[in-house]
Amino acid sequence: MLQNTGKLAGCTLFVTGASRGIGKAIALKAAKDGANIVVAAKTAEAHPKLPGTIFTTAAEIEAAGGRALPCVVDVRDEKQIGDAVEKAVQTFGGIDILVNNASAINLTGTLDTPMKKVDLMLGINLRGTYLTSKLCIPHLLKSRNPHILNLSPPLNLNPIWFKNHTGCFKLSYTMAKYGMSMCVLGMAEEFRGSIAVNALWPKTAIETAAMNMLGGSGIGKQCRTVDIMADAAYAILSKPTSFTGNFVIDENILKNEGIKDLDIYAVEPGHPLLPDFFLDEVPDNLVKHMEDHGGSPVFKGGKTVADSAGSGPIAETFSVIKGILSPDVVKSTQGVYKFDLSGEHAGTWYIDLKNAAGSAGSGEPPVKPDVVMNMDSADFIKMFAGKLKPTMAFMSGKLKIKGDMALAIKMEKMMALMKPKL
């Protein structure tokens with residue numbers, strides 16, 4: 001691990017998306033120097049399945065030796081950002097470092113992506129980065145060693161990153177992330193000599209909530225921990241402002257810092273690691289790598305959505321479904337269901353109530369489905385919450401069914417079990 005040097009002592013960092021994951025790790029690394037951290041994120045109340053809020057992160061920062069200012073911030077909201085910036089200046093006397101970490105990911109193709117999701121990605125990744133930078137820059141210009149660090153990739157213009165390749169990579173996400181990278185390119189030149197502006201991207205997959213959702217079961221052991229990104233960020237932020245306009249890969253800068261054993265960052269030391277997006281590895285090979293080493297990439301079928309929280313209403317519904325699976329339910333049902341969902345939360349999901357103790361999750365079912373249901377994701381949520389009966393949904397045209405109608409009707413039994421839990 002990269003040792004702290006104390007270079008960030010007394011510095012104030014404004015970190016977006018800092019309640020968990022990479023943003024939190026960067027904040028905690030700086031806190032060990034005695035830095036001040038503005039924890040700018042949306043999560044103020046505990047999430048039922050994801051760890052961390054702005055307040056729990058703030059407590060950990062102070063326990064690590066730093067000072068913390070938790071602020072509820074949606075980076076799409078100019079007022080919330082502006083208020084947080086002003087609180088930071090009033091509390092700590094200024095802002096020295098901005099880390100644009102907040103991000104959203106959407107992996108549906110052009111025709112399947114609602115504009116609401118396009119707006120979400122561009123709003124968080126591109127506009128949020130630009131806006132937060134714009135509001136912080138007047139204060140950064142007063143700092144002795146100001147930095148802006150965007151968590152975004154090198155600008156690789158290979159067309160494979162702009163097409164629907166094996167269903168796992170989409171134009172909209174590339175546009176949104178490359179927008180962050182273009183902010184680096186432009187602002188580094190605009191503020192050269194005044195503010196260092198750089199990008200940081202991982203060489204391999206990093207174990208976060210979003211990666212666990214995208215990679216499916218078994219993906220964790222192919223990842224490195226968030227500590228490698230925290231150490232790499234620390235190395236960048238410790239440099240003078242003359243270090244600017246760089247698209248830094250985490251392991252490269254750590255090797256330059258003298259870290260020779262990168263296996264210390266592996267979730268499972270010695271296990272083959274999954275290369276991250278936007279580098280030299282083509283998407284087809286990423287999918288194969290995941291599967292060869294125990295992962296189950298849910299995006300292989302081409303429809304999945306995740307934000308920086310790594311969750312959503314469909315995923316939450318399926319979490320409840322998994323909780324009520326039992327041999328008795330399987331025995332009484334004996335059917336495999338596939339759900340092709342459209343709309344805001346488009347995706348493919350399945351419930352296997354035929355084999356073993358049952359299973360459920362994202363992507364194609366493990367065996368050929370007996371029933372395929374096509375419907376809007378909003379109606380799916382209503383149906384499993386007991387607000388829309390499958391028979392009524394079918395009769396009204398909201399639900400299209402292919403396969404065994406008797407098994408489709410049996411689905412209502414599972415919905416009755418779920419209703420008290422949703």
Side-chain angles (χ1 to χ4, degrees), residues 8 11 13-18 21-23 25-27 29-30 38 40 75-76 81 85 95-105 121-141 143 145-158 161-162 171-203 206 228-254 256-257 276-280 308:
L8 300 187
C11 291
L13 285 74
F14 192 105
V15 185
T16 66
I22 293 171
I26 292 173
K29 181 71 176 180
V38 181
V75 294
R76 295 170 293 174
I81 301 170
V85 168
I95 297 173
D96 302 289
I97 294 167
L98 166 62
V99 179
N100 285 306
N101 166 72
S103 186
I105 182 170
M121 278 193 301
L122 293 176
I124 292 176
N125 297 351
L126 172 54
R127 186 178 182 275
T129 293
Y130 184 93
L131 177 57
T132 308
S133 300
K134 174 181 168 65
L135 296 181
C136 285
I137 284 171
H139 304 286
L140 291 170
L141 289 170
S143 173
N145 193 41
H147 281 260
I148 295 175
L149 180 62
N150 293 355
L151 276 294
S152 63
L155 288 165
N156 184 348
L157 297 182
N158 188 323
W161 298 113
F162 295 84
L171 171 62
S172 51
Y173 178 60
T174 299
M175 289 167 57
K177 292 306 290 187
Y178 278 23
M180 296 177 70
S181 299
M182 292 183 73
C183 285
V184 171
L185 206 60
M187 291 181 187
E189 289 304 312
E190 183 176 357
F191 298 102
R192 185 173 293 276
S194 301
I195 302 173
V197 185
N198 296 287
L200 174 62
W201 195 248
K203 176 70 173 179
I206 304 298
I228 191 170
M229 291 292 281
D231 282 1
Y234 184 86
I236 294 169
L237 300 176
S238 298
K239 293 186 178 298
T241 55
S242 57
F243 185 83
T244 191
N246 300 287
F247 290 88
V248 179
I249 302 302
D250 58 355
E251 70 171 39
N252 293 347
I253 193 167
L254 291 177
N256 291 338
E257 294 291 323
D276 207 346
F277 300 133
F278 301 117
L279 302 178
D280 296 328
S308 55

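Sequential numbering from 1 along the given sequence is applied to the chain's residues. Remember, predicted model here, so these are calculated numbers, not experimental data.
Of the inter-residue distances, the one linking Ile137 atom CD1 with Leu98 atom CG reads 8.0 Å to the nearest 0.5 angstrom. Between Ser152 atom OG and Phe247 atom CZ the span is 6.0 Å, to the nearest 0.5 Å. Taking CG of Leu149 as the reference point, atom CD1 of Ile97 lies at 9.0 Å (rounded to 0.5 Å). Separation of atoms CG (Leu200) and CD1 (Ile249) is listed at 7.5 Å; rounding is to 0.5 Å. To the nearest 0.5 Å, the span separating CG on Leu254 from OH on Tyr234 amounts to 12.5 Å. Summarising the geometry, atom CG belonging to Leu141 is positioned 6.0 Å from atom OG belonging to Ser194; distances are rounded to the nearest 0.5 Å.
Under the 3.5 Å distance criterion, the side-chain polar atoms of His147 are matched with a main-chain donor or acceptor of Lys239. When atom types are taken as modelled, the side chain of Asn198 and the backbone of Phe243 share a donor-acceptor pair closer than 3.5 angstrom. Of the possible donor and acceptor atoms, one in the side chain of Asn246 sits under 3.5 Å from a partner among the backbone N and O of Thr244. At distances below 3.5 Å, at least one donor-acceptor pair connects side-chain atoms of Thr16 with backbone N or O atoms of Ala102. At least one donor-acceptor pair under 3.5 Å links the side chain of Asn145 to the backbone N or O of Thr241. Arg76 contributes no side-chain N or O that, together with a main-chain N or O of Gly128, makes up a donor-acceptor pair within less than 3.5 Å. Between the side chain of Ser181 and the backbone N or O of Leu155 there is no donor-acceptor pair closer than 3.5 Å. Judged by distance alone, the side chain of Asp96 and the main-chain N or O of Cys11 form no donor-acceptor pair under 3.5 Å. Between the Asn150 side chain and the Met180 main chain, a donor and an acceptor come within less than 3.5 Å of each other.
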Note to self: If you apply the rule side chain to side chain contact (heavy atoms under 4.5 Å, CB included), what do you find for Ile195 with Met187, and how did you get there?
What the structure shows: CA-CA 9 Å; Ile195 302 173; Met187 291 181 187; over 6 Å; no

Margin query: Does Ser143 form a side chain to side chain contact (heavy atoms under 4.5 Å, CB included) with Ile95? I'd like the steps, not just the answer.
Written below: CA-CA 7 Å; Ser143 173; Ile95 297 173; over 6 Å; no

Next item on the list: Give the intermediate values and the outcome of salt bridge (Lys or Arg N to Asp or Glu O under 4.0 Å) for residues Asp276 and Lys203.
Entry: CA-CA 6 Å; Asp276 207 346; Lys203 176 70 173 179; over 6 Å; no

Next item on the list: Decide side-chain hydrogen bond (donor to acceptor under 3.5 Å, both in side chains) for Ser103 and Asn125; before the verdict, give the C-alpha distance in whole Å, the side-chain angles of both, and the deciding distance to 0.1 Å.
Entry: CA-CA 5 Å; Ser103 186; Asn125 297 351; 3.1 Å; yes

Checklist line | Worked verdict on Trp201 versus Met229 for side chain to side chain contact (heavy atoms under 4.5 Å, CB included) | finding: CA-CA 8 Å; Trp201 195 248; Met229 291 292 281; 5.8 Å; no

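Each of Leu151, Leu131, Val75, Ile148 was checked for a side-chain contact (heavy atoms from CB on, under 4.5 Å) with Asn100, and the lone residue meeting it is Ile148.
Between Val15 and Val38 there is no side-chain heavy-atom pair separated by less than 4.5 Å. Within the 4.5 Å cutoff, the side chain of Val248 has no heavy atoms near those of the Asn252 side chain. Looking only at side-chain heavy atoms (C-beta outward), Leu140 and Phe191 stay at 4.5 Å or farther from each other.
Taking every heavy atom of both residues into account, Ala196 and Pro240 meet most closely at CB-O, 4.4 Å. Residues Lys29 and Ala230 share a closest heavy-atom pair of CG-O, 3.9 Å. Considering every non-hydrogen atom in both Cys183 and Leu126, the closest pair reads SG-CD1, 4.1 Å. Taking all atoms of both residues into account, the shortest heavy-atom contact from Ala104 to Tyr173 is O-CE1, 3.6 Å. In terms of heavy atoms, Asn101 sits closest to Gly17 at ND2-O, 2.9 Å.
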